[in-house]
Asks: 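I'd like to ask some things about the structure below.
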Amino acid sequence: MKKIALFLAVFCIVACKPQQKGEERDAIKPLADSKANSATRNLYNRLNSLLQRGILLGHQDDLAYGHNWYDEEGRSDVHDVTAKYPAVMGWEIGHIEQDALYNLDSVYFDRMKRYIREANQLGAINTISWHADNIATGGSAWDCAQDNVVKSVLPDSENHVKFLSWLDRLADFFLDLKDDKGSSIPVMFRMYHEHTGSWFWWGSRQSTPEEYIQLWRMTVEYLRDTRNVHNLLYTYSPAAVENEEQYLERYPGDNYVDIVGFDCYANGENEEQSKEKTIQQIKAYKNNMIVNLDIVVNYADKAGKIPAITETGMERFPFPDFFSEVVYQQIIKNYKISYILFWRNAYNRPTHYYLPYKGSNNEFDFCVFVKEPKILLAEDIKQ
C-alpha cells in the first residue's frame, strides 16, 4: 500500500509539474545543409543544448562601436556596463554585394572578420544579416517602390546573372571566416528578413509568396551546392505577424531553414514623451511579442527548429525597468528560446541606442536583467 501511495505521489508531481512553453521538443531535424561542416553541426547542437540552460543575450555590432566610440580594441557597451560580453553578436554585410570596403554602417569588412574571430574566441555566437541593395535601381534595400525586383533576380530573368555575382561575394566572405588555427567559424545567416513588412525590396508588397520562396531557396542552393559554403545556419525572421498562417505564408520549407525567429520593436519617440504614451507603446510591444513568441516556439517544437527573437528593442527605452520588468518578467521569462538580439548603439547618433551604455538611463535595470540566472552572456557559455 505504501508503495502504491508513493508511486501515486511521484506520478502526481511529474504530471502536475508546470511546463515552460517550448519545454517538450520534438527530435531535431536534419540541417538545411546536409554537408554542413563539423563546426556548424556543433554550433547547432550547442544552440539546442543551451535551450535547456537559458536565453543568450545578443547585441548588434557590439565589438565594432558603441555610444560615442568606434573601433576601440576590446571595447563593448555591454561589457562597460556588466563586465561581460554578449553571448550573441550580430553583424551586417549590406554593401558587400557591391564589393565595397565597408558596410552600410561604416564597419570595414576586414575588421568585421576580426570582430567575428574575437567573438568566437570569447565564446560568443555570431549572426549575420544582409540589407542588400536594390539590384534593379541601384538604390538601397529600402528602395521598395517596385514590385518586380525579386522576380528579376530569379533564374532566366534579367538580373539573375548579376545577382549570382553578388552571392559570390557573400560566399567569399563566409568562406574566409576562419579562427586563428585556420578552422571555419560557423555563423547564423539571417537573410531577406522582415519580409512580412513592405519596407524592403523583398517585402510582402514587392513580391508574391512564391517569388520570395524561390529567392530563398535559390540563395541557399547557390551558396550550399554551387559555392560549397558549409558554415551557415539559415535563419528565418519575419517582422511581427498576427497568426501562424501569416508567419508561414512565405516560409521556404523545413529543408531550407534551421532557426525560426521574428523581429519586433517597441515604438519610442523621445525621453520627453508622455508617460501615458510610453505605457501604450509598452503594452502594444508586450502583446506583439507574446503573440509571436507563441507562434515561433510552437512551430519550432513541431518542426524541430531553434526558436529565437532575432531583433528587438526600444530606442532610448524611456520606460523605467524596461529590461528587468517588461522584457524579462512580462515577456520572455516563461519561454524557452535560444537568444534575444537587441539592436545597435550607434557611434554617431547620440539618441540611437537599444542597450544601456555607461552612464545612460536604465543602466542599473539592465544589470538586474543580466543577473537573472536564465540570461546568459559569453562568459557563461564559453566552452
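Note that the coordinates shown come from a computational prediction; the quantities given were computed from them, not determined experimentally.
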Asks: Transitively linked via ILVMFWY side-chain contacts under 4.5 Å: W343 with Y353?
Replies: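 Result: no, two separate clusters.
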Asks: Show, in sequence, the C-alpha distance, side-chain angles and deciding distance for T219 and Y234, and conclude whether the side-chain contact (heavy atoms from CB on, under 4.5 Å) test is met.
Replies: CA-CA 11 Å; T219 302; Y234 293 93; 5.8 Å; no
Asks: Donor-acceptor check, side chain of N292 to backbone of V241, threshold 3.5 angstrom: yes or no?
Replies: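 Confirmed, N292 side chain pairs with V241 backbone.
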Asks: Just checking, any donor-acceptor pair under 3.5 angstrom between side chains of E244 and N298?
Replies: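 Absent: no donor and acceptor within the cut-off.
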Asks: Between L223 and F189, does the side-chain contact (heavy atoms from CB on, under 4.5 Å) criterion hold? Intermediate values first, please.
Replies: CA-CA 11 Å; L223 294 174; F189 183 34; 4.1 Å; yes
Asks: Applying a strict under-4.5 Å side-chain criterion to I, L, V, M, F, W and Y, I'd like to know whether V257 and W202 cluster together.
Replies: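 Looking at the clustering, W202 is in the same group as V257.
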Asks: Taking the six-membered ring for Trp, is the centroid-to-centroid distance between F323 and F342 below 6.0 Å?
Replies: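 Yes; F342 has its ring centre under 6.0 Å from that of F323.
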Asks: Is D71 salt-bridged to R114, cutoff N-O under 4.0 Å?
Replies: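 Between R114 and D71 there is a salt bridge, with a charged N closer than 4.0 Å to a carboxylate O.
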Asks: Test M188 against every option in V88, I306, T310 by the side-chain contact (heavy atoms from CB on, under 4.5 Å) rule and name the one that passes.
Replies: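 Of all the options given, the one that passes is V88.
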Asks: Distance check, rounded to the nearest 0.5 Å: H79 atom NE2 versus K358 atom NZ?
Replies: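 Rounded to the nearest 0.5 Å, the NE2-NZ separation comes to 11.0 Å.
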Asks: Report yes or no: do N37 and T40 form a side-chain donor-acceptor pair below 3.5 Å?
Replies: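 Note: N37 and T40 side chains meet the donor-acceptor criterion.
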Asks: Using only atom types and a distance under 3.5 Å, with no angle test, would you say the side chain of R316 pairs donor to acceptor with the backbone of T351?
Replies: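 It does hold such a pair.
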Asks: What about Y65 and L101, same hydrophobic cluster or not, with Ile/Leu/Val/Met/Phe/Trp/Tyr joined at side-chain heavy-atom distances under 4.5 Å?
Replies: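 Yes.
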Asks: Quick check on the 6.0 Å ring-centre criterion: do H95 and F109 meet it?
Replies: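 When the ring centroids of H95 and F109 are compared, they turn out to be at least 6.0 Å apart.
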Asks: For W142 and H131, I'd like to know if the aromatic rings sit close, meaning centre-to-centre distance below 6.0 Å.
Replies: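 Yes: the rings meet the under 6.0 Å criterion.
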Asks: So, the side chain of S129 versus the backbone of R190: is there a donor-acceptor pair under 3.5 Å, distance only?
Replies: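 No, because the side chain of S129 does not come within donor-acceptor range (under 3.5 Å) of the backbone of R190.
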Asks: Does a salt bridge link K35 with D225, judged by any charged N lying under 4.0 Å from a carboxylate O?
Replies: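 Looking at K35 and D225, the cut-off is not met.
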Asks: How long is the span from the CD atom in Q206 to the NZ atom in K151, to the nearest 0.5 Å?
Replies: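 Here the interatomic distance stands at 15.0 Å.
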Asks: Under 6.0 Å between the ring centres of Y251 and Y256?
Replies: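 Ring-ring flag for Y251/Y256: false, centres at least 6.0 Å apart.
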Asks: Strictly distance-based, threshold 3.5 Å: is any side-chain N or O of R169 a donor or acceptor partner for the main-chain N or O of E97?
Replies: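 Yes, because the side chain of R169 sits within donor-acceptor range (under 3.5 Å) of the backbone of E97.
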Asks: If only atom types and distance count, is the side chain of T82 paired as donor or acceptor with the main-chain N or O of V78 below 3.5 Å?
Replies: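 Flag set: sc T82 to bb V78 pair under 3.5 Å.
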Asks: Is it the case that D77 and W69 place a side-chain donor and acceptor less than 3.5 Å from each other?
Replies: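 Note: D77 and W69 side chains meet the donor-acceptor criterion.
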Asks: Do I213 and Y222 share a hydrophobic cluster (ILVMFWY, side-chain heavy atoms under 4.5 Å, transitive)?
Replies: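 No, I213 does not connect to Y222 through the hydrophobic network.
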Asks: Taking E372 for the side chain and K374 for the main chain, is one N or O donor matched with an acceptor at less than 3.5 Å?
Replies: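 Side chain of E372 to backbone of K374, a donor-acceptor pair under 3.5 Å: no, none is there.
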Asks: Might you work through the side-chain contact (heavy atoms from CB on, under 4.5 Å) test for E221 and T226, ending with a clear yes or no?
Replies: CA-CA 7 Å; E221 290 169 359; T226 301; over 6 Å; no
Asks: With clusters defined by side-chain heavy atoms of hydrophobic residues (ILVMFWY) lying less than 4.5 Å apart, directly or transitively, does L355 cluster with F364?
Replies: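 Shared cluster, no.
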Asks: Run the ring-ring contact (aromatic ring centres under 6.0 Å, His included) test on Y299 and Y236 for me, step by step, so that the C-alpha distance in whole Å, both residues' side-chain angles and the decisive distance to 0.1 Å come before the verdict.
Replies: CA-CA 12 Å; Y299 188 78; Y236 177 79; 8.6 Å; no
Asks: Run I332 and I375 through side-chain contact (heavy atoms from CB on, under 4.5 Å) and show every step you take.
Replies: CA-CA 10 Å; I332 66 174; I375 301 299; 4.1 Å; yes
Asks: Could you check whether D321 and Q329, counting side-chain N and O atoms only, form a donor-acceptor pair closer than 3.5 Å?
Replies: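 No.
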Asks: Starting at CD1 of I309, measure out to CD1 of I340 and round the result to the nearest 0.5 Å.
Replies: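 That separation rounds to 4.0 Å.
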Asks: Taking it one step at a time, do H59 and Y85 satisfy ring-ring contact (aromatic ring centres under 6.0 Å, His included)?
Replies: CA-CA 9 Å; H59 191 211; Y85 291 97; over 10 Å; no
Asks: For Y335 and D294, does a side-chain donor sit closer than 3.5 Å to a side-chain acceptor?
Replies: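 On atom types as modelled, these side chains qualify, holding a pair under 3.5 Å.
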Asks: If we ignore angles and hydrogens, is there a donor and acceptor under 3.5 Å between the side chains of H195 and Y212?
Replies: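 Yes - a donor-acceptor pair under 3.5 Å links their side chains.
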Asks: Just do the ring-ring contact (aromatic ring centres under 6.0 Å, His included) check on Y354 and Y265 with the steps written out, would you?
Replies: CA-CA 10 Å; Y354 287 83; Y265 286 88; 5.7 Å; yes
Asks: Measuring from atom CG of D105 to atom CD1 of I93, what distance do you get when rounded to the nearest 0.5 angstrom?
Replies: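 The distance works out to 12.5 Å.
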Asks: Does atom CD of E72 have more than 12 heavy-atom neighbours from other groups under 6.0 Å away?
Replies: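 Atom CD in E72 is packed in, count exceeds 12.
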Asks: Do the side-chain N and O atoms of Y328 and D365 include a donor-acceptor pair separated by under 3.5 angstrom?
Replies: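 Side chains of Y328 and D365: no pair found under 3.5 Å.
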Asks: Counting neighbours of OH on Y70 that are heavy atoms of other residues, nucleotides or ligands and sit closer than 6.0 Å, is the number greater than 12?
Replies: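 Yes - once you tally the heavy atoms of other residues, nucleotides and ligands closer than 6.0 Å, there are more than 12.
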Asks: For the pair N362 (side chain) and F319 (backbone), establish whether a donor and an acceptor sit closer than 3.5 Å, ignoring hydrogens and angles.
Replies: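 Judged by distance alone, yes, a pair lies under 3.5 Å.
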